[in-house]
Amino acid sequence: MTESLTVRDNRTGTEYEVPIVDGTIRAADIGKIKAGEDQPGLAVYDPGFVNTASCRSSITYIDGDKGILEYRGYPIEQLAASSSFLEVAYLLIHGELPTKEQYDTWVHNITYHTFVHENVKDFMQGFRYDAHPMGMLMASVGALSTFYPESRNISDADNRAIQIIRMIAKMPTLGAWSFRHAQGKPYVYPDNDLSYTANFLSMLFKMTEVKYQPDERLVKALDTLLILHADHEQNASTNAVRSVGSTQVDPYSAVSAGVAALFGPLHGGANEAVLRMLKRIGNASEIPAFIEGVKNGNERLMGFGHRVYKSYDPRAKLIKKAAEDVFEVTGTSPLLDIALELEKIALEDEYFVKRKLYPNVDFYSGLIYEALEFPPEFFTVLFAIGRTPGWLAQWLELTQDKDQKIARPKQIYTGERGLTFTPASERWA
């Protein structure tokens with residue numbers, strides 16, 4: 001039996017049968033509902049796309065009510081515990097886990113492409129000394145399209161594949177150099193003897209030592225963070241990548257749009273807001289007063305609640321464990337004690353439980369980044385590096401989706417109509 005929705009237009013008395021497929025109805029079917037033949041069809045008004053599906057995707061599954069997150073069907077908990085970031089990147093891009101031979105080739109290719117053209121270095125050195133790292137990353141990712149003009153040929157599968165490898169490989173280099181630039185330190189070239197994440201740490205922190213050897217616990221914790229950030233369905237930055245990508249532009253330009261969207265404080269900057277909140281609380285003894293302030297509308301509880309998750313964000317549990325591993329190396333932080341106590345109180349308070357306000361991925365990630373001595377303005381760069389395989393997987397899926405068209409939402413016009421223009425010579429007389 002075909003599922004459908006019967007819609008009666010009370011303006012005309014006409015009834016319409018609208019098919020239901022995968023729990024959705026097509027906006028085009030709603031557009032067939034008209035008050036008259038010369039009238040426009042109905043449209044759906046949905047600011048922020050809170051209940052509008054823009055694509056079909058087989059990349060990431062989320063059940064917000066049950067706290068489920070899966071990449072290509074694999075639970076995030078299993079991937080974070082037993083996989084590596086590059087293996088997860090392969091899974092997102094190719095849709096299946098690699099064989100040993102496929103993985104070795106994938107790692108080799110990405111490692112080989114971590115170096116960037118020397119002109120990219122000159123380009124980045126041209127930024128002011130106080131340039132925001134995220135602005136540098138956004139500009140330099142977009143600039144890569146000029147170094148690889150063939151990337152505009154997105155209909156060629158082999159060409160798409162090499163651009164994907166290049167971008168995953170070069171993002172840590174660009175990110176690390178933006179970090180070094182802000183500190184006035186010389187840029188560190190990639191070390192191809194190190195793993196993807198260890199090499200990133202080397203480019204960030206290497207000084208005069210001949211060989212940088214990062215603590216493996218830090219490598220594992222950062223690798224886990226990258227996995228947890230790798231994709232998250234149709235969030236604002238992914239939507240930006242898909243929207244810009246729908247024009248058939250090269251992937252560097254599309255991903256730079258994702259970086260730009262992630263730059264916004266409502267998207268990528270939430271973990272920095274958590275740190276500011278914890279520092280403002282200052283002491284665990286001040287938490288009850290802060291909680292009352294939240295209930296009275298005088299304070300904002302950052303790092304709790306999520307547009308998608310209505311239970312405990314599965315990534316938050318894993319990041320909490322990663323935080324413990326990092327602090328084992330760096331030493332504990334007073335802010336961690338405040339965070340743990342705040343989480344404990346909030347999870348037991350009926351006010352927050354009733355509103356389904358649980359810790360999200362940002363609650364502990366900022367603490368990890370600060371423990372690693374990253375300045376707050378660099379937090380979003382780390383997020384972008386982790387999210388790159390997801391952006392690229394979404395872009396790749398878009399380029400092969402025959403249903404996709406150039407993004408062009410409707411609007412509801414609210415301005416004046418039919419005004420008569422008066423020339424300036426008369427208006428200003």
Find out whether Ile154 and Trp395 are in side-chain contact, i.e. whether some heavy atom of one side chain is under 4.5 Å from a heavy atom of the other. yes

If I compare all heavy atoms of Val381 with all of Gly175, which pair ends up nearest, and what's the gap? CG1-CA, 3.7 Å

How about Asp191 and Ser202: does a side-chain donor come under 3.5 Å of a side-chain acceptor? no

Answer whether the closest heavy-atom distance between the side chains of Pro314 and Glu77 falls below 4.5 Å. yes

Which label fits Trp177 and Tyr189: parallel for a plane angle under 30°, tilted from 30 to 60°, or perpendicular past 60°? perpendicular

Pair Tyr90-Tyr103, ring-ring contact (aromatic ring centres under 6.0 Å, His included): steps then yes or no: CA-CA 8 Å; Tyr90 185 98; Tyr103 181 69; 7.8 Å; no

Give me the atom names and distance for the closest heavy-atom approach of Tyr196 to Ile168. OH-O, 2.7 Å

Taking it one step at a time, do Asp22 and Thr24 satisfy side chain to side chain donor-acceptor pair (under 3.5 Å)? CA-CA 6 Å; Asp22 295 329; Thr24 66; over 6 Å; no

To the nearest 0.5 Å, tell me how far Leu342 CG sits from Ile291 CD1. 5.0 Å

Flag if over 12 foreign heavy atoms under 6.0 Å of OH, Tyr413: yes

Is it the case that the side chain of Asp63 and the backbone of Asp65 share a donor-acceptor pair, with hydrogens and angles ignored and the cut-off at 3.5 Å? yes

Might you confirm whether atom OH of Tyr112 has over 12 heavy atoms from other residues, nucleotides or ligands at distances under 6.0 Å? no

Checking Arg355 against Tyr351: charged group under 6.0 Å from the ring centre and within 45 degrees of the axis? yes

Are Ile162 and Asp158 close enough that some pair of their side-chain heavy atoms sits under 4.5 Å apart? no

Going through the distances and angles, do Asp46 and Thr52 end up as a side chain to side chain donor-acceptor pair (under 3.5 Å)? CA-CA 7 Å; Asp46 189 13; Thr52 299; 2.4 Å; yes

Tell me if a side-chain donor or acceptor on Thr105 pairs with a main-chain N or O of Glu101 at a distance below 3.5 Å. yes

Does any N or O in the side chain of Lys206 come within less than 3.5 Å of the main-chain N or O of Glu209, such that one atom is a donor and the other an acceptor? yes

Does Ser54 offer a backbone N or O that forms a donor-acceptor pair with the side chain of Gln404 under 3.5 Å? yes

Test item: Thr388 side-chain N/O and Ala384 main-chain N/O as donor-acceptor pair under 3.5 Å: yes

One thing to verify: whether Arg217 and Glu328 come together as a salt bridge, which I'm taking to mean a side-chain N less than 4.0 angstrom from a carboxylate O. yes

For the pair Tyr369 and Phe379, name the ring-plane relationship: parallel under 30°, tilted 30 to 60°, perpendicular over 60°. tilted

Side chains of Thr399 and Asp401: is there a donor and an acceptor less than 3.5 Å apart? no

Quick check: Phe179 with Phe374 (ring centres under 6.0 Å apart)? yes

Parallel, tilted or perpendicular: ring planes of His181 versus Phe127, cut at 30 and 60 degrees: perpendicular

Assess whether salt bridge (charged side-chain N to carboxylate O under 4.0 Å, His left out) is satisfied between Asp325 and Lys321, documenting all intermediate values. CA-CA 7 Å; Asp325 294 341; Lys321 173 63 171 66; 2.9 Å; yes

How about Leu398 and Gln394: do any of their side-chain heavy atoms sit closer than 4.5 Å? no

In terms of heavy-atom contacts, does CD of Glu324 have more than 12 from other residues, nucleotides or ligands at under 6.0 Å? yes

Hey, is NZ on Lys211 packed in by over 12 heavy atoms from elsewhere, all under 6.0 Å? yes

Which heavy atom of His132 sits nearest to which heavy atom of Glu377, and what is that distance? CE1-O, 3.1 Å

Could you tell me which non-hydrogen atom of Leu201 sits nearest to which non-hydrogen atom of Pro214, and how far apart they are? CD1-CB, 3.9 Å

Are there over 12 heavy-atom neighbours, none belonging to Gln125, within less than 6.0 Å of that residue's CD? yes

If you count every heavy atom of other residues, nucleotides or ligands that lies below 6.0 Å from Arg26 atom CZ, does the total exceed 12? no

Determine whether Leu174 and Leu144 satisfy the following criterion, side chain to side chain contact (heavy atoms under 4.5 Å, CB included), listing intermediate values before the conclusion. CA-CA 10 Å; Leu174 300 177; Leu144 289 180; 4.0 Å; yes

Leu278 and Leu367: side chain to side chain contact (heavy atoms under 4.5 Å, CB included), yes or no, with the steps? CA-CA 10 Å; Leu278 296 175; Leu367 289 170; 3.9 Å; yes

Determine, step by step, whether Glu397 and Ser57 satisfy the side chain to side chain donor-acceptor pair (under 3.5 Å) criterion, reporting the C-alpha distance in whole Å, the side-chain angles of both residues, the deciding distance to 0.1 Å, and the verdict. CA-CA 7 Å; Glu397 188 175 65; Ser57 180; 2.6 Å; yes

Begin with the C-alpha distance, continue with both residues' side-chain angles, and end with the deciding distance and a verdict on side chain to side chain contact (heavy atoms under 4.5 Å, CB included) for Leu97 and Glu87. CA-CA 7 Å; Leu97 292 170; Glu87 186 177 30; 4.3 Å; yes

Steps toward side chain to side chain contact (heavy atoms under 4.5 Å, CB included) verdict (Gln163, Leu392): CA-CA 10 Å; Gln163 308 312 329; Leu392 290 168; over 6 Å; no

Could you check whether any side-chain N or O of Thr224 sits under 3.5 Å from a backbone N or O of Lys220, counting only pairs where one atom can act as donor and the other as acceptor? yes

Evaluate the side-chain proximity of Arg242 to Gln234: yes if any heavy-atom separation is below 4.5 Å, no if none is. yes

Shortest non-hydrogen pair, Leu301 vs Phe352, comes out as CD2-CE2, 3.5 Å

Are the side chains of Glu286 and Asn283 in contact, using a 4.5 Å heavy-atom criterion? yes

So, do Trp391 and Val259 sit near enough that their side-chain heavy atoms are less than 4.5 Å apart? yes

Judged by modelled atom types alone, do Glu17 and Thr6 share a side-chain donor-acceptor pair under 3.5 Å? yes

Rounded at 0.5 Å granularity, tell me how far CG in Leu382 sits from CE in Met134. 9.5 Å

For the atom pair NZ (Lys170) and CD1 (Ile385), what is the distance rounded to the nearest 0.5 Å? 14.0 Å

Establish, from distance only, whether the side-chain atoms of Thr238 and His232 form a donor-acceptor pair under 3.5 Å. no

Side-chain heavy atoms of Tyr71 within contact of Ile59, under 4.5 Å: no

Gln78 (side chain) donor-acceptor with Tyr74 (main chain) under 3.5 angstrom: no

Does NZ in Lys295 sit with more than 12 non-hydrogen atoms of other residues, nucleotides or ligands closer than 6.0 Å? yes

Between Met302 and Ala273 the two heavy atoms that sit nearest each other are CE-CB, 3.6 Å

In terms of relative ring orientation, are Phe363 and Phe304 parallel, tilted or perpendicular, with 30° and 60° separating the classes? perpendicular

Separation between OG1 of Thr99 and CH2 of Trp106, rounded to the nearest 0.5 Å: 13.0 Å

For Thr114 and Asn192, run side chain to side chain donor-acceptor pair (under 3.5 Å): C-alpha distance rounded to whole Å, both residues' side-chain angles, the deciding distance at 0.1 Å, then the answer. CA-CA 8 Å; Thr114 51; Asn192 287 349; 3.3 Å; yes

Donor-acceptor side-chain pairing of Gln183 and Arg180 below 3.5 angstrom: no

